[in-house]
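Heads up, the thing below is written out as structure tokens.
Residue numbers begin at 1 in each chain, while the letters A, B, ... track the order of the sequences.
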Number of protein chains: 2
Amino acid sequence: MTESRTGTPERDPESVSRFVEHFAAQLVEAGMARMPSRVFAALLASDTGTLTSAELGEQLKISPAAVSGAVRYLAQVHMVSREREPGSRRERYRVHSDQWYEALTSREAVIKRWEEALREGVAGLGADTPAGRRLAETLAFFEFIEQDVAQMMERWRAHREQKYGR
Amino acid sequence: MTESRTGTPERDPESVSRFVEHFAAQLVEAGMARMPSRVFAALLASDTGTLTSAELGEQLKISPAAVSGAVRYLAQVHMVSREREPGSRRERYRVHSDQWYEALTSREAVIKRWEEALREGVAGLGADTPAGRRLAETLAFFEFIEQDVAQMMERWRAHREQKYGR
DNA sequence: CCTTAACTTCACAAATTTCTGAAAGAAGCG
DNA sequence: CGCTTCTTTCAGAAATTTGTGAAGTTAAGG
């Protein structure tokens, strides 16, 4: 990696942009809206893991309105958190790894609603019908997953600690 | 559950439809397109776990073209499989639980592409930069998940076997 | 208080996606 | 073969989603 004379590794905007757009495209393909995907990718690729609205707008060439909307969504699904710079009306947005891993894997709210729909389905179709049994088994699967994913995250934390040091 | 005089549990189309639309709505909210979601939910709620194109079209009040498109997508992501009724040009579509649990949890292709994008990002930004390190850790997380999810599915199969008998 | 910087909301134009009807394409069956 | 039944493809109308500029809101700092 090339370095500037200050000792700070240089950030090639070209490389950053290539990653941001490429990674965002994958998120879009997985069902996430375009702006939130791009904003999130930009945060991931930032040095400090935080960016202000203005920085996001400039880097991604989007309006303040678009930043606002994207960030509202990302905060809602706990993929980023918002911070107020003390003594300023400027806002900072941050990716915090642990937080977004959780958001990604558990999707708790989503799974909970799937389970709810399945429970109603079992009740409506009858637990003793073939379809009812299928729905019940699907429900059992989700319940299992939900519980097991929590354990998986613990294993991940242990794994990372061992790999990167605490 | 009420039964008809034939001994077959009755399927109240009203209940079926309520479930189908409700569950499909959750899938849509999770990022899946509307028609595939509805078709999939209808299959889940069917007695045999299979339906023909015509049945799907009639039940969901959609055109043959819409069925075709939805089913093409579902087959592509391995959530349903297509079968040819022997001695007929009629096609049947089937949900097979194991199959779609796999599809849902692993999303192998998706994760692989995420990993690829992250790897390029690490290379482009430099593994020795703060951002590069963040991407590398994210990559490590996905690699860990990918491997652990496979084990989770084995645990599920064991769990189910014990719960429902093989 | 007033000014001003920053974020948010809103209405709308543009782009995209979705679903349909119609036509074309397979494949069984005589 | 050719008739018939089913499925797929395709062009386009309709609906939805997206992103913007402009106006509105909030709060810091005189």
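Taking every heavy atom of both residues into account, Thr48(A) and Arg94(A) meet most closely at O-NH2, 4.2 Å. Taking both residues in full, the closest heavy atoms of Ala131(A) and Ser46(B) are given as CB-O, 3.6 Å, listed atom of the first, atom of the second, then distance.
Of the candidates dC6(D), dC7(C), dT9(D), the closest approach to any side-chain atom of Arg90(B) belongs to dC6(D).
Rounding to whole angstrom units, CG of residue Leu74(B) and C1' of dT8(D) are separated by 16 Å. Between the CD atom of Glu83(B) and the C1' atom of dC6(D) there is a distance of 17 Å, given to the nearest Å. Put simply, CD on Glu91(B) is 9 Å from C1' on dC6(D), counting in whole angstrom units. Remark: P of dG29(D) and CD of Glu85(A) are 11 Å apart, rounded to the nearest angstrom. Here dT17(D) presents its P atom at 17 Å from CE of Met32(A), a figure rounded to the nearest Å. Rounded to whole Å, atom P of dT20(D) lies 10 Å from atom CG of Leu60(A).
As judged by a 4.0 angstrom heavy-atom cut-off over every strand, Arg82(B) is placed among residues touching the sugar-phosphate backbone only.
Between Arg119(B) and Glu115(B), at least one side-chain nitrogen of the basic residue sits less than 4.0 Å from a carboxylate oxygen of the acidic one, meeting the salt-bridge criterion.
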*Spell out protein contact along nucleotides 17-30 of chain C as letters: B when the base is contacted, S when just the sugar-phosphate is, - when no protein heavy atom is under 4.0 Å; keep the 5' to 3' order.*
-SSBB-----SSS-

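For His78(A) and Glu102(A), the side-chain atoms include no donor-acceptor pair closer than 3.5 Å.
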*Could you please spell out the steps behind the side chain to side chain donor-acceptor pair (under 3.5 Å) verdict for Arg90(B) and Thr52(B)?*
CA-CA 7 Å; Arg90(B) 195 173 278 146; Thr52(B) 63; 5.0 Å; no

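Contact annotation: Ser53(A) reaches the phosphate of dC7(C) (side-chain N/O to OP1 or OP2, under 4.0 Å).
A perpendicular orientation is assigned to the rings of Trp156(A) and Tyr101(A), their planes being inclined by more than 60° (bins at 30° and 60°).
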